[in-house]
Amino acid sequence: MPTSPSESSRTNDLALALKDSGSVGLGAFPMGVAFGVLVVHSGLRWWWASVFSGFIYAGSLEFLLLGLVLATAPLASIAVTAFLVNFRHIFYSLSFPLHRVHGPLAKAYSTFALSDEAYAVTASAAAQRFARRRILWLQVFIHLYWAGGATTGALLGSVIPASVTGLDFAVTALFTVLAIDALRARRDIRTAVLAAGCALIARCVFPGQLLLVAFVLFTGALLTRYALVRKKPEHA
Amino acid sequence: MPDAGYLIAAVAIAVIVTWTLRAVPFVVLSPLRSSPPLIAYLNTAMPMGVMVILATYTLRAFSPYVPGKAWPTVLALAVTVALHLWRRNVLLSILAGTAVHVALASTVFAPP
């Protein structure tokens with residue numbers, strides 16, 4: 001039974017997208033489960049896990065936001081935190097093949113769902129020639145792994161007894177591991193020490209606004225260092 | 001417990017900021033396709049620093065004078081770091097570190 005070329009390439013795009021997203025799905029789904037469990041153990045209703053993961057769809061920000069909303073942090077702090085945590089996404093536009101995704105709605109979804117994982121899967125040179133459907137489907141799949149994992153975790157989480165405590169350590173572990181990976185990629189101990197120093201100063205001086213003060217100090221220090229290095233090009 | 005209105009506002013702000021950071025650069029940066037030096041510099045230095053600050057932030061309640069809470073944190077952190085330096089597997093390090101923390105905080109160091 002011969003199928004039309006367009007039909008067979010459509011099925012093919014779907015299969016390729018499933019394959020593209022598979023490796024990151026192995027990581028995204030269990031992390032989603034961990035997030036969902038944490039949501040219900042924080043005292044929020046299970047569907048908040050679906051709302052956070054489906055609409056914000058930025059893993060590390062969601063973990064952090066959970067702690068911020070439980071402390072009823074000011075909305076301005078939440079905006080600054082979201083900006084700084086997700087600042088890295090602006091660089092994804094430099095290589096993500098959005099030119100392959102036609103139509104305003106498709107473009108809107110494609111930019112909305114441009115997570116770390118979606119970026120990682122499309123970072124290869126070959127991805128610049130991916131079909132529109134393949135790109136959109138792989139983004140849908142990764143979105144589903146994460147949001148599906150979070151919802152699953154939230155529903156399972158209600159079964160875990162309240163005497164089981166300490167799950168919030170997953171957030172500390174997440175950022176520790178990401179810091180180690182970043183340090184391993186850059187080998188820049190001085191920046192790590194600078195950041196830790198800013199955080200400790202903020203912790204001692206403004207414990208109530210640690211995050212905001214630490215980010216401002218750190219950004220200021222980086223800009224100062226950049227200005228100093230530029231004045232002395234031989235050290236650049 | 002935060003009320004629904006506040007939660008919706010918090011989620012909306014997170015969505016708007018995140019989506020803006022993902023979408024707007026296609027208009028602003030893409031024509032360049034090569035980042036200006038300051039942006040490139042921030043791209044290399046910011047992510048790690050931000051992670052270090054965030055890790056510190058999650059440990060803000062840490063106090064050596066509350067041993068029942070401090071020991072599970074110290075031990076779980078040691079397991080997470082050691083395992084990650086050894087196996088370099090993000091998921092494994094997080095799950096193992098969290099498991100150690102939950103096990104200690106729920107049993108040996110459980111609040112009376």
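Below, read A as the first sequence line, B as the second, and so on, with proteins coming before strands; counting in each chain starts at 1.
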[X] portion near chain A, given a 4.5 angstrom heavy-atom threshold:
X	answer
B:Ala76	both
B:Leu91	side chain
B:Ile16	neither
B:Ile8	both

Would you please say whether a donor-acceptor pair under 3.5 Å links the side chains of A:Trp46 and A:Thr151?
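Side-chain D/A pair, A:Trp46 to A:Thr151: absent.
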Among [options], who wins on heavy-atom pairs under 4.5 Å with chain A?
options	result
B:Leu59, B:Thr56, B:Val52	B:Val52
B:Val15, B:Val50, B:Asp3, B:Thr58	B:Thr58
B:Val79, B:Thr80, B:Leu104	B:Thr80

Taking side chain as everything from C-beta outward and backbone as N, CA, C, O, which of these in [X] sits under 4.5 Å from a heavy atom of chain B? Side chain, backbone, both or neither.
X	value
A:Ser110	neither
A:Ala185	neither
A:Leu194	neither
A:Leu65	side chain
A:Leu210	side chain
A:Phe55	both
A:Arg184	side chain
A:Ala34	neither
A:Leu178	both
A:Leu167	both
A:Ala108	both

So do A:Leu174 and A:Met31 actually touch side chain to side chain, heavy atoms under 4.5 Å?
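Result yes, sub-4.5 Å side-chain heavy-atom pair found.
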Are A:Tyr119 and A:Asp116 close enough that some pair of their side-chain heavy atoms sits under 4.5 Å apart?
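A side-chain contact under 4.5 Å is absent here.
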Report the relative orientation of the aromatic rings in [X] and [Y]; use parallel for angles under 30°, tilted for 30 to 60°, perpendicular for over 60°.
X	Y	value
A:Tyr226	B:Tyr41	tilted
A:Phe87	A:Phe83	tilted
B:His101	A:Phe169	parallel
A:Tyr109	A:Phe112	tilted

Is a donor on one side and an acceptor on the other found under 3.5 Å between the side chain of A:Lys107 and the backbone of A:Leu98?
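Judged by distance alone, yes, a pair lies under 3.5 Å.
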A:His102 side chain to A:Arg132 main-chain N or O, any donor-acceptor pair under 3.5 Å?
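Not confirmed, A:His102 side chain does not pair with A:Arg132 backbone.
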Taking the six-membered ring of A:Tyr57, is the NZ or CZ of B:Arg22 close enough (under 6.0 Å from the centre) and on axis enough (within 45°)?
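Geometry flag: set, cation within 6.0 Å and 45°.
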Write down the atom of A:Gly25, the atom of A:Pro30, and the distance for their closest heavy-atom approach.
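For A:Gly25 and A:Pro30, the tightest heavy-atom pair comes out as O-CD, 4.0 Å.
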